[in-house]
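Shown next, in structure tokens, is the structure this report addresses.
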Amino acid sequence: MAPVWLHRYAVLLACCTLFLVVAGALVTSHEAGLSVPDWPLSYGKLMPEMEGGIFYEHGHRMIATTVGFLTIILAVWLWRAEPRPWLKKLGWAALGAVIFQGLLGGMTVIFMLPKPVSVSHACLAQLFFSTIVAISWFTSAAWRRGGTLVEDQGAPGLRSLAVAASGSLFLQLALGAATRHKAFGVTPHVLGAVLATGMVLWLIVRILLRHGNHQGLVRPALALLAITFSQVFLGVAAYMSRLATADAPQPMPVMIGFTVVHVAVGALTLATSVIVAIQVFRFVQPEPAVSGARVPVAS
Amino acid sequence: MRTPSILSTGLCALALVLTGCGGGETKTEEGRSKAAPASAATLRIDPATAATVTGKVTFTGEKPVRRPISMDSTPACARAHTEPVLSEEAIVNDNGTLRNAFVWVKSGLPDGTWEVPREMVTIDQVGCIYVPHVVGVQTNQEVQFLNSDPTNHNIHPLPRANREWNESQPPKGEPKIKTFPKQEIMIPIKCNVHPWMRVYVGVVDHPFFAVTGEDGSFTLKGLPPGQYTVQAWHEKYGTQEIQVTVAAQESKTADFDFKG
């Protein structure tokens with residue numbers, strides 16, 4: 001089957017995974033994580049009555065199961081059709097991650113939301129989504145077209161900056177998950193926002209100033225800039241809406257809406273930063289001698 | 001249906017690595033285990049010396065607004081009510097007193113183990129509301145949880161000193177009989193299916209506690225003569241303490257005033 005279909009399938013799985021992240025955020029925001037006390041069945045059934053918190057918790061499980069099966073297909077498809085060994089391995093790694101993620105989800109239920117497990121579950125969701133987005137990118141026509149190599153300039157190196165930006169964004173997502181699961185207060189997450197935004201801005205400014213004509217770098221960098229600013233706004237909105245509805249007897253739609261979108265855009269932010277990092281590692285070379293050469297097709 | 005044992009065992013092993021399987025009990029001042037020495041006699045109320053402390057829990061300040069609860073997510077819950085359902089977090093009675101305050105003797109009682117009442121305390125789920133909203137029980141006294149609703153609930157205590165558990169209860173299902181072996185002020189109990197549902201259980205290792213009702217009053221009967229610290233707890237307004245000294249068969253008044 002043509003590579004384009006593999007790419008389209010990977011994009012479909014990425015969309016399903018983002019939907020799964022949204023469903024997971026809805027579970028937490030509705031405080032419905034333990035509305036189904038048993039696992040892997042729900043109230044001893046495959047399909048309980050979908051009402052109240054059960055709708056969100058069991059719905060999350062159903063979407064997760066679907067994503068798990070879709071990931072099996074992706075891993076097998078890559079194994080059979082993909083010539084690049086490292087991409088085959090990435091497919092199996094994604095499958096391993098989604099299986100482990102399912103076990104973490106089960107543990108959150110059986111052991112009643114132990115904070116380390118719940119936070120790990122949230123963090124692995126973000127990593128899994130970024131992995132699927134990366135696979136989508138690696139199987140795309142844009143990746144196969146390759147591009148021009150450019151020489152890195154300045155210190156620290158752009159590769160180091162890209163890794164630091166993605167790392168700080170992942171740390172920030174972990175702090176956000178810890179805040180949501182009440183491992184600690186909001187202050188570390190706010191400080192993390194300053195750090196992550198600063199790192200992202202540093203990376204983007206460097207790309208725009210030094211490699212402003214390289215579309216393979218500029219486009220994902222501008223996308224990361226837009227998403228990061230949206231995320232900062234959504235973070236403020238989520239926090240303000242939480243404060244405004246603190247005395248409500250139940251989670252209120254305005255708080256749930258902003259928080260869930262904040263979580264979803266957080267996943268997009270990390271995934272976009274990973275794409276930027278991939279592009280930087282592909283096109284930006286530390287040695288001056290390689291400047292102007294082209295990346296081999298489909299490497 | 002129970003989780004397959006192999007799966008549970010494997011997950012528990014993994015959880016032990018990651019979390020210590022929940023860790024040990026957190027012992028706080030109010031959550032201390034007060035098991036008496038084996039030789040200690042069981043304490044009972046002595047009618048010959050029994051003293052009484054009565055009082056009111058009043059409220060000063062702007063009367064809190066009771067927020068409406070939306071039960072739209074579960075039609076069976078919404079159908080159970082013809083009037084809007086309001087939050088029970090803070091209810092100021094018409095006479096200016098505070099409802100659902102838990103009043104108990106925090107300290108001053110003689111050491112020993114008090115006789116545990118045989119009567120069960122009942123917590124029902126009616127119209128997707130826990131009834132009552134605040135309740136007191138003695139340590140190891142049986143509590144029966146009922147589900148009078150035509151819908152699923154899960155009962156999920158969030159204790160600090162006692163054991164956490166989370167069990168589903170089908171529509172009009174069998175009562176669940178539970179005990180809380182350690183003193184703890186207070187244990188919130190949630191239903192995660194319906195996030196507005198919450199009951200607070202005060203677990204005390206003696207029989208001297210009360211919950212204020214529609215007149216905001218309380219009575220602590222049968223106290224031995226002595227000097228006591230009496231505490232009032234409220235879900236929204238926190239705690240207050242009063243020192244009271246009573247002689248044999250004496251009645252004293254101890255009023256609390258919470259400010260909004």
Side-chain angles (χ1 to χ4, degrees), chain A residues 26-46 48-59 100 102-121 124 181-183 244-253 255-256, chain B residues 1-4 7-8 10-12 14-23 64-78 85-90 128-129 150-158 163-171 190-198 236:
Chain A
L26 282 169
V27 170
T28 307
S29 291
H30 279 93
E31 301 173 9
L34 293 177
S35 59
V36 181
D38 52 338
W39 182 88
L41 294 175
S42 298
Y43 287 81
K45 303 173 186 173
L46 286 173
E49 199 167 342
M50 298 288 274
E51 59 183 12
I54 301 170
F55 173 82
Y56 298 104
E57 170 61 17
H58 188 70
F100 187 57
L103 292 174
L104 285 176
M107 286 171 60
T108 62
V109 172
I110 291 172
F111 300 110
M112 291 174 286
L113 304 180
K115 291 180 176 68
V117 178
S118 298
V119 173
S120 301
H121 185 60
L124 186 54
H181 291 285
K182 299 181 173 60
T245 61
D247 61 346
Q250 62 204 102
M252 300 305 284
M255 182 278 290
I256 293 169
Chain B
M1 180 173 176
R2 297 188 63 181
T3 306
L7 189 58
S8 293
L11 289 175
C12 189
L14 190 53
L16 275 168
V17 172
L18 291 171
T19 71
C21 237
V65 176
R66 295 181 63 188
R67 307 281 178 185
I69 292 170
S70 169
M71 297 188 178
D72 294 344
S73 63
T74 308
C77 299
V85 184
L86 302 178
S87 164
E88 294 181 286
E89 183 190 28
C128 300
I129 297 288
T151 188
N152 283 306
H153 289 295
N154 76 302
I155 306 165
H156 180 201
L158 298 162
R163 185 180 67 84
E164 183 179 357
W165 49 273
N166 179 30
E167 295 181 14
S168 61
Q169 195 171 32
K190 291 179 66 172
C191 169
N192 299 93
V193 181
H194 310 108
W196 61 84
M197 289 180 65
R198 193 171 280 244
K236 182 170 183 175

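The sequence lines fix the lettering, A, B, ..., with proteins before strands; numbering per chain opens at 1. Small disclaimer: the values here were computed from a predicted structure and weren't measured. These values consider heavy atoms only, across backbone and side chains, with no hydrogens, waters or symmetry-generated copies.
- Closest of all the heavy-atom pairs between B:T74 and A:E51 is CG2-OE1, 3.5 Å.
- Under the rule for a side-chain hydrogen bond (donor to acceptor under 3.5 Å, both in side chains), the partners of B:H153 that lie at least two apart in sequence or sit in another chain are B:D149, B:H194.
- In this structure, A:L46 places its CG atom where only 12 or fewer heavy-atom neighbours from other residues, nucleotides or ligands lie under 6.0 Å away.
- Chosen from B:S70, B:P75, B:C191, the residue pairing most often with chain A at heavy-atom distances under 4.5 Å is B:S70.
- Interface remark: B:K236 contributes no atoms to any contact with chain A (heavy atom separation under 4.5 Å).
- Residue contact with chain A, scored on non-hydrogen atoms closer than 4.5 Å, involves the backbone of B:P68 exclusively.
- Closest approach of A:M112 to B:E164, counting heavy atoms only: CE-O, 3.4 Å.
- The backbone N or O of A:L34 sits less than 3.5 Å from a side-chain atom of B:N154, completing a donor-acceptor pair.
- In this structure, the portion of B:E89 lying under 4.5 Å from any heavy atom of chain A is its side chain and not its backbone.
- For the side-chain hydrogen bond (donor to acceptor under 3.5 Å, both in side chains) test, residues two or more places apart in sequence or in another chain that qualify with A:H30 are A:Y56.
- The environment of A:E31 atom CD is dense: over 12 non-hydrogen atoms of other residues, nucleotides or ligands sit within 6.0 angstrom.
- One distance of note links CG of A:L113 with CG of B:N166; it measures 8.5 Å at 0.5 Å rounding.
- Taking both residues in full, the closest heavy atoms of B:S168 and A:P37 are given as N-CG, 3.5 Å, listed atom of the first, atom of the second, then distance.
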